[in-house]
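Here's the structure, in structure tokens; my notes come after.
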Amino acid sequence: GGTPVRHSPLPYGHHAIEEEDIEAVVQVLRSDWITTGPKVREFEDAMADFVGAKYAVAFSSGTAALHGAAFAAGLGPGDEAVTTPMTFCATANCVVYQGARPVFADVTADTLNIDPEEVARRITPRTRAILPVDYAGHPADLEAILSLAERHGLVVIEDACHALGAEYREERVGHLSDMTVFSFHPVKHLTTAEGGMITTESAEFARKARLFRNHGIDQEARERQKEGRWFYEMVALGYNYRLSDIGCALGLSQLAKQERNLARRCEIAERYTQAFQALPGVTPPSVLPGVKHAWHLYPLRFDAGRLNMTRDKVFRALRAENLGVNVHYIPVHQHPYYRDRFGYRGGEYPVAEAAYRELITLPLFPGMLNSDVEDVIQATSKVVRHFADGGPRASS
Ligand SMILES: *Cc1c(COP(=O)(O)O)cnc(C)c1O
């Protein structure tokens, strides 16, 4: 209560568009190709390079890229794929799109990433794939997941929509799993407005992904025109999931600044953790050894018992301080669609569900000023101390 720490609202995430990004887009608009032209391959090559993968295939969104990966992995009716409930619903939806069944496995309490022991318990003869998510930007336990996959002959599709630039044992995520998926939505590390990418070491997965994003047609229009050919064949049922040259030009320009922006994200997260470690009643996100966190999100855990307060009250108090806080995530199995279709009642994934009840995502994006960062710390500390001292008995 009282006067808010901040006078203007601060969102939880925000794109960083600069003059050169605008210039790159304008150049494409003045050129002969505004979609499926040279910028697509340029952006794909640059992304492959950035993550150290052989192949990269651009898609119209991260969700479309997940769908393409589910197709390339061969998921279909009768198959199962094991994934985490602590994610955006698109991770599980891509399995459903292919007529297969998503099977959730609970997360570990520290990183909130999928627990390999829980994955092992969920593997059946119908399991075909595992979809770990690098939650908030912290790589999943890839070694354990990849070795499980190898033992059971499963495809690993890593949802790295939070994790562009994250490292696992000194290696950038993007070439460690069979396929890795990124998103270029404006709140993510870099943006093409809407867009996504699959990176892979496999020529076969890349080929299937390319087919799938272009109606299932075996050759792209531009290739044909170059060769003066009119003939094409549709060999599978695909979609129009193409990313435009306009988007790819923006992505290329953004990717050139990714190192700088990532460093800024890390700097902000470090400052938060330093401040919140000293604040009773909250737990900062943990970072395991051997990992470089990409800090897409900063989910702070509020100890509801200790604060004698629900997350929702803390949330409202932070919003009243003009912090654009958010919650990541409502566990996927708790959404009405998943409850109705797959019969979940709640209680199946206690670690994810308990975390959900206590998580609040604080603002974190590279364009934040140091004064914004200090506002977040001050406002959060004010709210937490207020509740820790007994809370507002009278109102709110
Ligand atoms: C953003 C996101 C997606 C979907 O990406 P879009 O580009 O918005 O379609 C999928 N999974 C996770 C974990 C995400 O954060």
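Below, each value reflects all heavy atoms present in this structure, side chains not excepted, and no hydrogens, waters or symmetry copies. Model, not experiment: these values are computed from the prediction. For ligands, and for the atoms within them, numbers begin at 1 and follow the listed sequence.
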query = Is the Phe184 to Phe43 ring centre distance short of 6.0 Å?
reply =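 Between Phe184 and Phe43, the centre distance is under 6.0 Å.
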ask   = Can you tell which of Ala160, Cys161, Gly62 gets a heavy atom nearest to atom 3 (C) of ligand 1?
value =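 Closest candidate by heavy-atom distance is Cys161.
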key: Nearest candidate to atom 7 (O) of ligand 1, where distance is taken over non-hydrogen atoms, out of Pro186, Gly196, Ser183, Ala163   =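 Minimum heavy-atom distance to atom 7 (O) of ligand 1 goes to Ser183.
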Is ligand 1 under 4.0 Å from a heavy atom in the side chain of [X], in the backbone, in both, or in neither?
| X | value |
| --- | --- |
| Phe182 | neither |
| Glu194 | neither |
| Thr91 | side chain |
| Lys188 | side chain |

Residue and atom name of the nearest protein heavy atom (relative to atom 11 (N) of ligand 1), distance in Å to one decimal =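 Of the protein heavy atoms, Asp159 OD2, 2.8 Å lies nearest.
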Protein contact to atom 4 (C) of ligand 1 [nearest heavy atom, distance to 0.1 Å] =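 For atom 4 (C) of ligand 1, the nearest protein heavy atom comes out as Thr63 OG1, 3.5 Å.
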ask   = Taking all atoms of both residues into account, what is the closest heavy-atom pair of Val40 and Ala58, and its distance?
value =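 Looking at all heavy atoms of both residues, the shortest contact is CG1-CB, 4.3 Å.
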inquiry  = How close do Asn113 and His138 get, counting heavy atoms only, and between which atoms?
reply    =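 Shortest heavy-atom separation between Asn113 and His138 comes out as ND2-O, 2.8 Å.
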Atoms in ligand 1 with a heavy atom of [X] nearer than 4.0 Å:
| X | result |
| --- | --- |
| Gly195 | 7 (O) |
| Tyr329 | 15 (O) |
| Thr87 | 13 (C) |

request  = Kindly indicate, with the supporting measurements, whether the criterion side chain to side chain donor-acceptor pair (under 3.5 Å) is fulfilled by Asp159 and Thr91.
outcome  = CA-CA 7 Å; Asp159 181 338; Thr91 318; 2.8 Å; yes
inquiry  = Do the side chains of Arg264 and Glu270 get close enough for a salt bridge, i.e. N-O under 4.0 angstrom?
reply    =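 Here Arg264 does not pair with Glu270 in a salt bridge, since their nearest N and O are not under 4.0 Å apart.
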Distance-only donor-acceptor check, side chains His67 and Gln98, under 3.5 Å =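 Looking only at side-chain atoms, Gln98 and His67 do form a donor-acceptor pair, the distance falling under 3.5 Å.
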key: Donor-acceptor side-chain pairing of Gln274 and Arg271 below 3.5 angstrom   =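 Arg271 and Gln274 do have a side-chain donor-acceptor pair below 3.5 Å.
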task = State, yes or no, whether a side-chain contact exists between Val181 and Glu158 at a heavy-atom distance under 4.5 Å.
result =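 Not in contact.
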key: Min N/O separation His162 to ligand 1 under 3.5 Å   =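 Looking only at distances, the answer is yes, because the N/O contact criterion of under 3.5 Å is met.
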